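What follows is one structure encoded as structure tokens, with my remarks underneath.
This structure is a prediction, so every number in the text was calculated from the model and none was measured. All ligand and atom numbering here is 1-based and tracks the order in the structure.
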Amino acid sequence: MKKKETDLLCAGVTRRDFIKTCVTATAMMGLPFAMHTRIAEAVETNRNPAVIWLHFQECTGCTESLLRSSHPTVASLILDMISLDYHETLMVGSGHQAEKSLHDSMQANRGKYLLVVEGAIPTKENGIYCKVAGKTAIESLRHAAEGAAAIITVGTCAGYGGIQSVAPNPTGAVGVRDIIKDKPIINIPGCPPNPYNFLSTVMYYLTFNRIPDLDSLGRPKFAYGRKIHEHCERRPHFDAGRFAKAYGDATHAEGYCLYKLGCKGPETFANCSVQRFNDVGAWPVSVGHPCIGCTEPHILFKMPIAEKVQIHEPTPPDTYAPVNLRDKGKGADPLTTGILGLAAGAALGAGAMMAKKLPKDGPAEEEKHEKSE
Ligand code: SF4
């Protein structure tokens, strides 16, 4: 048995759980099913990349969501796949001891380590609003980024500034990409992000030795390539025009679409409606709360929760005739009349053809009988 595999089993991850997680990550990355063996092999045999994890302006919710997922596999796998040399929340050492391991790891793994950042970076007043070990967040970030192979930001704060950057932004908070311009940066936004998105990104890096394809906001396309709205279980209600009108009322209890309560799903790129959270199949919309657009820098905390996003492509297209005309009161609109006219014309044409085929006396007796029944 390979050493890494033994380590994983020792950490309480069964072989079955391990393969299951590799298959999930393979599916999430949009890779063929057969690739899961290559990914498993890369995780088992790979070189434990050194990871330095810095915390700045944040609530530690991203780390908490990773560690407190109900299923132990994700956190165990991540912690066993990498060599986590510095993480202020998790490391046992503190003070000078902790700073020494940060310094030693950066020296020993120069040009090879992954830098993970959680939290926004304050820039006003020379960055004095966040200091660790006597250094401002900007200084620590610049210093650690210098020797990194790539940077992964975890959470919307580190990616784009998050709630700290909302006007009037008293500390001048920004995301990593506003400060570091010369390193590959992979953003895993969310408040918090799904741990599987982070896990799959690390697995991709270990397997292919390069970063995954990113969208214009630096997010892996495999996880942020589709809108939540496209795979939401409430989508049939949206398409049928059934909307929850108030929290706790009958429409909400029926599980209708949450768009009119401010759901940002139609504008939000993320895989929450597919991957869900905590391995129990739950996500905010499934339990009755509208999506707050936490992966979108122009939405999260910038738009009021109850405000509706613009629907650019309503479905079904509003050029379709309404299905139910009874409640209209004023009769069918011109387009509907046109479509019905065409249908009636086609029916009349078909009727004429039938008439030509029928004998002059009309339908046979049996047919008359069937029609009268
Ligand atoms: Fe789901 Fe929100 Fe879209 Fe409605 S608007 S279908 S609740 S994502």
Can the ring centroids of F238 and H229 be said to lie less than 6.0 angstrom from one another?
-> yes

Hey, is CD1 on I128 packed in by over 12 heavy atoms from elsewhere, all under 6.0 Å?
-> yes

Kindly assign one of parallel, tilted or perpendicular to the pair F222 and Y204, based on the angle between their ring planes and the thresholds 30° and 60°.
-> parallel

Could you tell me which residues satisfy ring pair (Phe, Tyr, Trp, His ring centres under 6.0 Å) with F301, sequence neighbours excluded, listed by chain and number?
-> none

Mark yes when over 12 heavy atoms from residues, nucleotides or ligands other than K260 sit less than 6.0 Å from its NZ; otherwise mark no.
-> no

Using 2.8 Å as the cut-off, count the protein N, O or S atoms closer than that to atom 1 (Fe) of ligand 1.
-> 1

Quick one: sort the H252 and Y247 rings into parallel, tilted or perpendicular, breaks at 30° and 60°.
-> perpendicular

